[in-house]
There are 2 protein chains.
Amino acid sequence: MIELWFDFSSPYGYLASTQIDAIARRHAREVVWKPFLLGAVMKVTGAVPLVAVPMKADYARRDLARTARHLGVPFAMPARFPSASRPTAAGFWAIASGASSGDGGVAEQARAYARAVYRMYFVEGRTPDSQEVALEAAASVGVDRDRFLAALAAGHAKLDAVTDEAKQRAIFGSPFIIVDGEPFWGADRLPMIERWLETGGF
Amino acid sequence: MIELWFDFSSPYGYLASTQIDAIARRHAREVVWKPFLLGAVMKVTGAVPLVAVPMKADYARRDLARTARHLGVPFAMPARFPSASRPTAAGFWAIASGASSGDGGVAEQARAYARAVYRMYFVEGRTPDSQEVALEAAASVGVDRDRFLAALAAGHAKLDAVTDEAKQRAIFGSPFIIVDGEPFWGADRLPMIERWLETGGF
C-alpha cells in the first residue's frame, strides 16, 4: 500500500501531490490520499512551519519556487500563509466516506477534490480555511452540494480520527509517504520512492 | 563558485561530502569546502538537531541509513551523537591556511583531511570533538604534526570568522551548498544541483 499523508496548507505536500500518482502508476500501484491536520501533530513534535523560522523563511520560499520549476508544475506562494485547513480537509473525508463501500469512483472523486483545493491555494492563492472554498472545490469535481453538506459532520469526525492515527504512527510532516510500511518524509524523497518501487526496497 | 558548507557532526553533511566533488567535476568545476560550527548558527534559528525531536529521531536514523545505501556509501550512525566539532573544524582551517597563498595542493590536502574526519565519525564512530582525532586525521593525509599544531590557533580564529560569515549569509544548515550564489540546503538537493550545473540555472 502507498499512502500519501498531507495537509492542505503544506506547499511541499502540494508539490508531492502533483507527482505521486504518476510514480505509482508506473509501477502499477495506487495511492491512498490521507489529508490530516499537521498542526495537531506539530504540537507533539514542537515543530514550527519552515517559513516561521528566522533565515529559513527566505530560503523556503526560494526552494519552493525552484522545486516547482524543477517538477514543471505551476506554483505561486500564497500571500496568506500558513493557513488553517480543517474546512477543506473535512470536506475531503465527507466526499471519501462513500469509498468505504468499495466505490473506487468515490476515492478518485475525493482525490480530484484534493487536487482542486491544492490548486486553489498554491496556484490561485485562496486559503483552504473556509467552507466556501471547500464547496467550490467539491462542485468543480461534480460532487452534489447537498450530499456534501450532509456528510460534513461525519467528515470532521473522520478527520479527527485520521489525525489521531497520524500521531499514533509518528507521521510528523507533510508530505509523508508510506510505501509498504517504509516512511518517506518530504517531496524531495520522490526519486528515492520511485527507486523503492522499482527494486522492492534497498 | 561552488561552496560546500558543513559541520563535522552533521551526518547529511557527510553524505553530501561523498558526492559533491564528483558532481562538480562532471561540469569542470571545483568545490570550496567550508566547515563551520552549525551549533552557533542554530542558536540564531532556534533549531534543534533532527534526532533530538520527538518522532523525528527514529525517522532520521532510518532515512540516513537508507540515503547512504541509495548513494552507495558506507555509513554507521555513531553511538555518540550529536558531538561538538570545534577541534577538528579548527584543524581543517589550520591545514587550509596555507591555501591562501594559492597553493591548490594545500586545499586538496584540507579536503582529504575533512574526508578522513567524516569517515572516522560516520563510519568508525569516533567523535570529531578531540584534538586526538584531528591529529590522527591530519597524519593520515600527510600533514606534518608540528606544522599542524603551530597553525592551530590561527585555525580556531579562522573557524570563528567562517562561522560568523555563515551567520551573516544565513547559512543555517549542513550541508549547505551554494552554486554561483544559489543556495541549496540538504543532501537531498544534490540532483537539483546537478541539473543547475547542467543548465546554468532554471
Side-chain angles (χ1 to χ4, degrees), chain A residues 5 12 15-16 38 40-72 166-173 176-179 181-196 198-199 201-202, chain B residues 5 12 15-16 38 40-72 166-173 176-179 181-196 198-199 201-202:
Chain A
W5 290 77
Y12 288 109
L15 293 173
L38 178 59
V41 183
M42 282 174 127
K43 279 181 193 154
V44 180
T45 59
V48 290
L50 194 58
V51 294
V53 179
M55 294 190 191
K56 293 192 182 176
D58 288 345
Y59 175 81
R61 286 166 193 277
R62 187 173 191 148
D63 183 64
L64 282 162
R66 183 175 62 199
T67 302
R69 295 194 304 273
H70 183 59
L71 298 173
K167 279 185 213 167
Q168 294 301 320
R169 294 176 62 192
I171 291 163
F172 55 76
F176 204 96
I177 296 164
I178 304 176
V179 180
E182 182 77 12
F184 296 89
W185 172 38
D188 38 52
R189 292 299 182 276
L190 290 170
M192 222 185 270
I193 288 168
E194 178 113 46
R195 181 167 166 200
W196 197 269
E198 271 165 22
T199 61
F202 54 84
Chain B
W5 291 77
Y12 289 108
L15 292 173
L38 178 59
V41 182
M42 281 174 127
K43 280 181 193 155
V44 180
T45 59
V48 291
L50 195 57
V51 295
V53 179
M55 295 191 191
K56 294 194 184 177
D58 288 346
Y59 175 81
R61 287 166 192 277
R62 186 172 192 149
D63 184 63
L64 282 162
R66 182 175 62 197
T67 303
R69 295 195 303 273
H70 182 60
L71 298 173
K167 280 185 213 167
Q168 295 300 320
R169 293 176 63 193
I171 291 162
F172 55 76
F176 204 96
I177 297 165
I178 303 176
V179 180
E182 182 77 12
F184 296 89
W185 172 37
D188 38 53
R189 293 297 182 277
L190 291 170
M192 222 186 269
I193 289 169
E194 178 112 45
R195 182 166 166 201
W196 197 268
E198 271 165 22
T199 59
F202 52 84

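Reckoned from all heavy atoms, side chains included, excluding hydrogens, waters and symmetry mates. Just so we're on the same page: letters track the sequence lines, and every chain starts at 1.
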Chain B: which of A/D58, A/V41, A/D63 shares the most heavy-atom pairs with it under 4.5 Å? A/D63
Nearest 0.5 Å, what's the CG-CE distance between B/L71 and A/M192? 6.5 Å
CE on B/M55 to CE on A/M42, rounded to 0.5 Å: 11.5 Å
What closest approach, in Å, do [X] and [Y] show between heavy atoms, and which atom pair accounts for it?
X      : Y      : value
B/F176 : A/Y59  : CZ-CD1, 4.3 Å
A/G181 : B/R62  : O-NH2, 4.0 Å
B/R66  : A/W196 : CD-CZ3, 3.8 Å

Quick one: what part of B/R195 sits under 4.5 Å from any heavy atom of chain A, side chain, backbone, both or neither? side chain
